[in-house]
2 protein chains.
Amino acid sequence: MSTKERILDAAERLFAEQGFAGTSTRAITTAADANLAAVNYHFGSKESLIDAVFTRRLEPINRQRLEWLDRLEATGQPSLEEILEAFLAPPLRVHQDPVEGKSLLHVAQMIGHATSRPDSRIKDRLIQQFDTIIERFTAALARQLPELEPAQLLWRFLFLIGSMAHTMAISQDIKRFTRGLCDPHDVEGLIRTMVPYAAAGFRAPVAAGSGHPK
Amino acid sequence: MSTKERILDAAERLFAEQGFAGTSTRAITTAADANLAAVNYHFGSKESLIDAVFTRRLEPINRQRLEWLDRLEATGQPSLEEILEAFLAPPLRVHQDPVEGKSLLHVAQMIGHATSRPDSRIKDRLIQQFDTIIERFTAALARQLPELEPAQLLWRFLFLIGSMAHTMAISQDIKRFTRGLCDPHDVEGLIRTMVPYAAAGFRAPVAAGSGHPK
DNA sequence: GTCTATAGGTGGATAGAC
DNA sequence: GTCTATCCACCTATAGAC
């Protein structure tokens with residue numbers, strides 16, 4: 001494996017475990033069995049390395065989501081459940097993959113670090129990676145739920161993202177939290193749990209006055 | 001205002017904005033207009049300061065949740081919507097309060113920082129603050145939904161926590177994300193949106209095989 | 001591409017005067 | 001309780017040999 005790849009792997013793990021500020025390039029190069037100067041040689045700076053770590057994992061997942069949605073829409077109007085599955089399954093499946101699983105756990109934790117920090121350039125560039133995804137999926141959901149006001153649909157989409165992101169970020173604590181009742185490694189079961197939960201939420205009648213005080 | 005309080009206020013804001021490792025005690029004491037040695041004098045260490053910042057805000061909110069649930073249960077079996085409101089309204093209301101609002105936004109972001117870091121003592125002590133809450137509310141939900149398997153109920157409770165935590169953590173980006181359609185400052189509207197969404201999710205029929213592969 | 005060496009800076013924590 | 005002064009470990013980044 002090349003030095004560049006070893007650095008990406010080590011950085012991914014350490015950034016997830018300790019945050020960006022909490023991880024020194026020294027720690028990364030040591031863990032990667034590379035020289036201290038290698039980060040700057042291969043990536044230019046610590047910040048560019050962070051971007052590279054994100055892009056390597058997110059690009060394939062978001063491509064999969066869009067291809068899945070493309071396939072669904074090519075054969076007519078997809079159901080609400082199908083749209084939700086196209087959104088949830090790609091990240092959750094990678095998340096659980098025995099080979100790549102840890103990598104996406106780490107990325108989920110890194111996203112937690114980045115989104116928790118309100119004003120960082122890291123976060124801005126991260127959000128760009130999701131622009132197309134948000135646009136395509138909200139459009140598909142709106143076609144399936146024409147009665148739902150746009151603001152309500154967006155709120156519910158945010159709730160869905162929160163459920164997914166939170167589940168992934170704390171997956172290693174879920175067993176302890178639930179005293180072993182919930183098994184985060186059973187991803188197909190998790191998908192079959194999350195899709196109906198979210199679908200029912202999206203179909204719920206709007207309470208009087210929600211989000212439209214005037 | 002005492003030096004101790006000024007340090008807590010400054011630390012809360014800076015930890016939220018920049019994470020724990022990204023915030024130096026120097027930055028905190030400068031922002032608090034206090035002496036560099038004051039953090040160690042009043043709190044002993046940076047880590048104990050982090051704990052103090054969390055406890056100051058979380059303790060009253062979790063007390064409010066439990067009192068609300070106590071009142072509900074004193075007058076019979078509360079409805080699913082009432083239980084969810086008792087769980088969601090206290091943090092969301094503080095979150096939006098003109099005086100204390102920023103403080104809880106900061107705590108939400110700090111929770112994001114802490115939960116994103118898998119192995120920290122900070123996270124362990126943070127989780128303890130929620131032990132009673134989780135126990136009492138899952139029990140109340142289970143009484144209201146006796147047909148739902150315990151594992152399914154816990155999954156759905158995790159989804160709810162994710163929706164709430166995520167909404168609070170990114171509240172300052174919601175306007176931008178939704179092109180102004182969703183207004184995170186309309187908390188009563190948000191509560192009236194989130195409660196029916198989650199209630200419908202909790203009541204959704206369980207898909208075949210979810211969470212019980214064997 | 002990889003190494004050593006080092007510059008130049010910031011970190012948490014403390015000692016001891018007031 | 002608050003201050004100054006200081007210790008020393010650690011940080012990112014770069015220069016320059018190989």
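All chains are named by letter (A, B, ...) in the order of the sequence lines, taking the proteins before the strands, and each is independently numbered beginning at 1.
When DNA chain C is scanned 5' to 3' for any atom under 4.0 Å from a heavy atom of chain A, the first and last hits are C/dG1 to C/dT4.
A/D9 pairs with exactly one of A/K102, A/R56, A/K4 by the salt bridge (Lys or Arg N to Asp or Glu O under 4.0 Å) rule, that one being A/R56.
Sorted by first and then second residue, the pairs that involve residues 162-201 of chain A and meet ring-ring contact (aromatic ring centres under 6.0 Å, His included), not counting sequence neighbours, are A/Y197-B/F159. For residues 22-39 of chain B, no residue pair satisfies the salt bridge (Lys or Arg N to Asp or Glu O under 4.0 Å) rule, not counting sequence neighbours.
By the side chain to side chain contact (heavy atoms under 4.5 Å, CB included) test, A/R13 pairs with A/E17, A/A31, A/H106, sequence neighbours left out.
Using modelled atom types, no side-chain atom of B/T178 and backbone atom of A/L154 make a donor-acceptor pair closer than 3.5 Å. Panel note: side chain B/S103, backbone B/E100; a donor-acceptor pair is recorded below 3.5 Å.
Counting only N and O atoms by type, the side chains of A/H42 and A/T3 include no donor and acceptor under 3.5 Å apart.
Within the 4.0 angstrom heavy-atom criterion, only backbone atoms of the sugar-phosphate kind lie near A/T23; the bases stay farther away.
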Ignoring hydrogens and angles, write down the donor-acceptor pairs under 3.5 Å from the side chains of residues 83-91 of chain A, residues two or more places apart or on other chains.
none

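Contacts with DNA chain D (heavy atom under 4.0 Å) in residues 35-54 of chain B: B/N35, B/A37, B/Y41, B/H42, listed by number.
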